[in-house]
Amino acid sequence: MWAVKNKESAVFLDRDGVINRKIEGDYVRDLSQFELLPGAVDAIVQLGKMFQYVFIVTNQQGIGKGMMTDADLERIHNYIIRRVEEAGGTITRIYYCPSLESAGDPNRKPGIGMGMQAKKDFPGIDFSRSLMIGDAPSDLLFAKGLGMKFIFISETSIPGATYTCRSLSETVGMIEHL
């Protein structure tokens, strides 16, 4: 078990499909398309009470494809931050990779670049005491590459996941009872 409430612990959250509704076959390109999943904000607040750091790590190749801008993404991320802060929580930092999947950018999950940037920015992070929560195989590979536990958000399990839960809210409840 990872060390919950340990000063070196961090939780890394994927965004689309974990915090907000994923648009299959498309991208959440602006705030009008962004829809928080039920209980996500409260879950992030609770995770902030369990872990020293709360990060969002998200691939956003819609920018690389010219379908949205960095400013569009910033508006969405500022909205998430504001909603979490209004509920009494904090997001330590949001990292994103705008590169196309074909670019081979190490910052794009499953590459570990966003995790390594978080470690550079917050040297106290101990990945062995940290957790990744995501809904895609690339999130699992990101977690494995950094030596973190992984919770898969899905109705079905995936080989290699430490746990599987149906939602971020369910994940918080499961962590609280470990």
Side-chain angles (χ1 to χ4, degrees), residues 10-45 47-48 51 53-87 89-123 125 127 130-148 150-154 158 161 167-168 171:
V11 62
F12 291 80
L13 305 169
D14 179 45
R15 197 193 80 184
D16 299 325
V18 174
I19 295 171
N20 61 278
R21 186 179 59 80
K22 182 184 283 188
I23 301 175
E24 295 299 332
D26 200 355
Y27 304 98
V28 177
R29 290 176 267 151
D30 59 48
L31 199 49
S32 70
Q33 296 178 305
F34 184 81
E35 179 184 336
L36 285 164
L37 290 172
V41 170
D42 290 336
I44 294 169
V45 172
L47 288 167
F51 294 88
Y53 305 102
V54 177
F55 300 109
I56 296 173
V57 287
T58 180
N59 291 337
Q60 293 294 323
Q61 77 172 347
I63 294 172
K65 290 182 175 183
M67 299 172 73
M68 58 193 285
T69 66
D70 287 289
D72 294 327
L73 188 63
E74 186 175 335
R75 280 188 285 279
I76 292 168
H77 288 171
N78 286 340
Y79 175 76
I80 298 169
I81 291 166
R82 186 175 71 250
R83 289 290 306 273
V84 170
E85 287 176 348
E86 287 170 351
T90 302
I91 294 172
T92 308
R93 181 137 329 144
I94 299 175
Y95 296 97
Y96 71 94
C97 182
S99 298
L100 298 175
E101 185 174 3
S102 61
D105 188 331
N107 289 313
R108 183 179 167 77
K109 294 180 291 176
I112 61 170
M114 288 186 280
M116 296 308 294
Q117 185 62 50
K119 175 77 171 163
K120 181 179 176 187
D121 295 341
F122 301 90
I125 296 170
F127 291 122
S130 298
L131 171 67
M132 174 67 194
I133 303 172
D135 70 332
S138 61
D139 298 321
L140 168 64
L141 294 172
F142 173 83
K144 294 277 186 200
L146 292 167
M148 290 189 284
F150 177 67
I151 296 179
F152 187 51
I153 302 293
S154 179
I158 184 174
S167 68
L168 194 54
T171 297

Supply the atom-to-atom distance M148 CE to I112 CD1, rounded to the nearest 0.5 angstrom. 9.0 Å
Note: T90 and V84 closest approach over all heavy atoms is N-CG1, 3.6 Å
Supply the atom-to-atom distance D14 CG to N20 CG, rounded to the nearest 0.5 angstrom. 8.5 Å
Quick one, T58 and I19 - any side-chain contact, counting heavy atoms below 4.5 Å? no
Please find the pair of heavy atoms, one from D105 and one from C97, that lie closest to each other, and give the distance. OD2-SG, 3.6 Å
Picking from T92, I80, I81, what satisfies side chain to side chain contact (heavy atoms under 4.5 Å, CB included) with I56? I80
Can R15 and Y96 be said to form a side chain to side chain contact (heavy atoms under 4.5 Å, CB included), step by step? CA-CA 10 Å; R15 197 193 80 184; Y96 71 94; over 6 Å; no
Check the angle between the aromatic planes of F150 and F152 and answer parallel, tilted or perpendicular using the 30° and 60° thresholds. tilted
Between the main-chain N or O of T69 and the side-chain N or O of D72, is there a donor-acceptor pair closer than 3.5 Å? yes
Within the structure provided, determine whether I158 and P137 are in side-chain contact (heavy-atom separation under 4.5 Å). yes
Between A161 and L140, the two heavy atoms sitting closest are N-CD1, 4.1 Å
On the 0 to 90° scale, with breaks at 30° and 60°, tag the F12-F142 ring pair as parallel, tilted or perpendicular. perpendicular
Measure the CD1-CD distance between I91 and E85 for me, rounded to the nearest 0.5 Å. 8.0 Å
Taking every non-hydrogen atom, the tightest pair across M114 and N107: CE-O, 3.2 Å
M132 vs L146, side chain to side chain contact (heavy atoms under 4.5 Å, CB included): CA-CA, chis, key distance, verdict: CA-CA 10 Å; M132 174 67 194; L146 292 167; over 6 Å; no
To the nearest 0.5 Å, what is the distance between CG (N78) and CG (L73)? 9.5 Å
Should the pair F34 and Y79 be assigned to parallel (<30°), tilted (30 to 60°) or perpendicular (>60°) ring geometry? perpendicular
Test applied, side chain to side chain contact (heavy atoms under 4.5 Å, CB included); reference residue, D16; option that passes from E24, R21, Q60: Q60
Looking at K109 and D139, does any basic side-chain N land under 4.0 Å from a carboxylate oxygen? yes
Rounded to the nearest 0.5 Å, what separates atom CE in M116 from atom OH in Y95? 11.5 Å
Measuring from atom CG of L37 to atom NZ of K22, what distance do you get when rounded to the nearest 0.5 angstrom? 10.5 Å
For the pair V41 and E86, evaluate side chain to side chain contact (heavy atoms under 4.5 Å, CB included) and give the outcome as yes or no after the intermediate values. CA-CA 9 Å; V41 170; E86 287 170 351; over 6 Å; no
Which atom pair, heavy atoms only, marks the closest approach of L168 to A43? CG-CB, 3.7 Å
I125 to A10 - nearest heavy-atom pair and separation: CG2-CB, 4.2 Å
Beyond-backbone contact of Q33 with M68, side-chain heavy atoms, under 4.5 angstrom: no
